[in-house]
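Scope of the values below: all heavy atoms of this structure, side chains included, with no hydrogens, waters or symmetry mates.
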Amino acid sequence: MSLQQLNSNQFEEIIYDNAEACLVMFSRKDCHVCKQVAPMLEEMKPQYEGKFGFYYVDVEEDKNLFQRFSLKGVPQVLFFNDGEYQGKLAGKVEEEAIEEKIAEVLGA
Amino acid sequence: MDNSYDLIIIGGGPAGLSAAIYGGRAKLKTLVMYKGTIGGLVDTTREIVNYPGYIQVSGPDLMKDFKKHAEHFNVEFLKEEVTSVDFSGEDKIIKTKKGKELSAKAVIVGCGSEPRMLNIPGEKSLRGSGVAYCATCDAEFFEGEDVVVIGSGDQAIEEGMFITKYARKVTVIVLHDEGILDCNKISAERAFNNEKMEFIWNSTIEEVLGEDNVEGVKIKNLKTGTSSELTCQGVFFFVGMIPSTRFLKDSGLEMDNRGYIPVNESMETNLEGIYAIGDNRVKYLRQVASAVGDGATAAVAAERYIEELHHFNANILQNDKKTLLLFFNALVNESLEFSTLLEGLIGENGDEYKLVKVDLATKKSLAGKYGIEKAPTVVVLDKGVEIKRLDCCMDKEKLQSQLF
């Protein structure tokens, strides 16, 4: 199951208007570490269906989004809840770290 | 069984794919297991100019050709991470993170390496906030900014030059005396002529500075012992690689203190039926060209090993005659003398027994299978089933009475 890509407008809508609890992976096509992290997130997604959203942003296509969060590199997984930024995990993250962070965000 | 193979190759880089091509062509049921992307480290290489037959090719394109070649010989691929192995038996067991269990007669380990960390303050906490390990992925984020590169090998210098496409300035921190870089001469020359590249010699980094984002680095001069700070927005670490062999730590596989696996010229490890290739083994040159040779060698060695295994199972375990398995140690005289005695005895008494000599030094798994601890030991098999063990005395009559 692949992740839904967000452009700037969809990003506004889901994160701020709908205030969805979710994560957004910032990645780019020629980043090999992204290619390792993305499939892991895709596999985790079904377990969180209806509870926690999984999305991604292509930084080459939506530059303003990574600039807004002053990101310095990909992949980075950003977490949101109630329209608020809840932190990020950078680089080659493990499944366990993502699970912990989701639990933390949902528990907050 | 669906999950049992002749040959499993852990790692989908050039070494693993080459082994797969040879394994597939030898009609072995072959599986390549990989995590991440096919091609391993080569998949991250923008340009390769020294692989024979390709004047210039990108890493991903070259690896696509390798994979296509392996698929042509019916090699299977599985994208799953291996978390543990059991290499103690004749069937080698491999377990994945998702709980899958696979088995193979022979296993080739070629799972490559990962960037080494310096483990200095700020390196981990500022990862993704200015600390980076991949120029292709992250260079663009430093448009018009000051970047520090640590290291002076091929990767550090070539990636450093790539970063100058975006950054205002790239400062390379080099351990060695002025003018000495570890990289190839062509790249060194280009780097020295690049206006945006600067060098700080005899130095290393002791800390990455910054709260939320990288604001600078603390540089230590190794000659004078003095420290200084340099303002920058990005730090790229290229301080070498370490083999990704930690999951093999408890497998009984011999490794050196850095995690490299020593092998002989057939790529054989200390464990029978297990081979190590490419960046996982102790070796002189780490290139696609040398990885390919490793893969080919290991696959041929594995093929011969599997053939011997089949031969043993078919001809000895399923033989109508009684078989004497003599485990001996070629370095011990007593062992050899006993062997001569036993051979003579069997020759004098017709063809009731077939004698198979097993050298303890090279046939470790067979010795393990029968729990052999000392040489000489003789196991008597009838239709492949053990019926007794001999008292290995040098008295010919006593020995004869046990057999006839």
- prompt: How about B:Glu114 and A:Lys92: do any of their side-chain heavy atoms sit closer than 4.5 Å?
  reply: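 With C-beta onward as the side chain, the pair stays apart.
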Any side-chain heavy-atom pair of A:His32 and B:Pro60 under 4.5 Å: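 They are not in side-chain contact.
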Test: [X] and [Y] ion pair at under 4.0 Å:
| X | Y | answer |
| --- | --- | --- |
| B:Lys97 | A:Glu94 | yes |
| A:Lys63 | B:Glu140 | yes |
| A:Lys72 | B:Glu145 | yes |

Enclosure of [X] [atom1] (heavy-atom neighbours >12, cutoff 6.0 Å):
| X | atom1 | value |
| --- | --- | --- |
| B:Glu211 | CD | no |
| B:Lys196 | NZ | yes |
| A:Arg68 | CZ | yes |

What distance do [X] atom [atom1] and [Y] atom [atom2] have between them, rounded to the nearest 0.5 Å?
| X | Y | atom1 | atom2 | value |
| --- | --- | --- | --- | --- |
| A:Lys35 | B:Asp43 | NZ | CG | 4.5 Å |
| A:Lys29 | B:Thr136 | NZ | OG1 | 15.0 Å |
| A:Lys88 | B:Ser129 | NZ | OG | 3.0 Å |

field: Region of B:Asp212 that comes under 4.5 Å of a non-hydrogen atom in chain A
entry: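 No part of it gets close to chain A.
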Taking every non-hydrogen atom, the tightest pair across [X] and [Y]:
| X | Y | result |
| --- | --- | --- |
| A:Val74 | B:Asp138 | N-OD1, 2.8 Å |
| A:Leu71 | B:Phe141 | O-CD2, 3.7 Å |
| B:Lys79 | A:Pro39 | NZ-CG, 3.6 Å |
| A:Ala90 | B:Gly128 | CB-CA, 3.7 Å |

Contact class of A:Ser70 relative to chain B, heavy atoms under 4.5 angstrom: both
task: Please determine, among A:Gln67, A:Glu60, A:Met40, A:Gln36, the option with the most heavy-atom pairs under 4.5 Å with chain B.
output: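 When all of A:Gln67, A:Glu60, A:Met40, A:Gln36 are compared, A:Gln36 has the most.
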task: Flag the one option from A:Asp30, A:Val37, A:Val33, A:Leu89 with the top tally of heavy-atom pairs under 4.5 Å to chain B.
output: A:Asp30
message: Please identify, among B:Lys98, B:Lys35, B:Gln233, the residue contributing the most non-hydrogen atom pairs under 4.5 Å to chain A.
response: B:Lys98
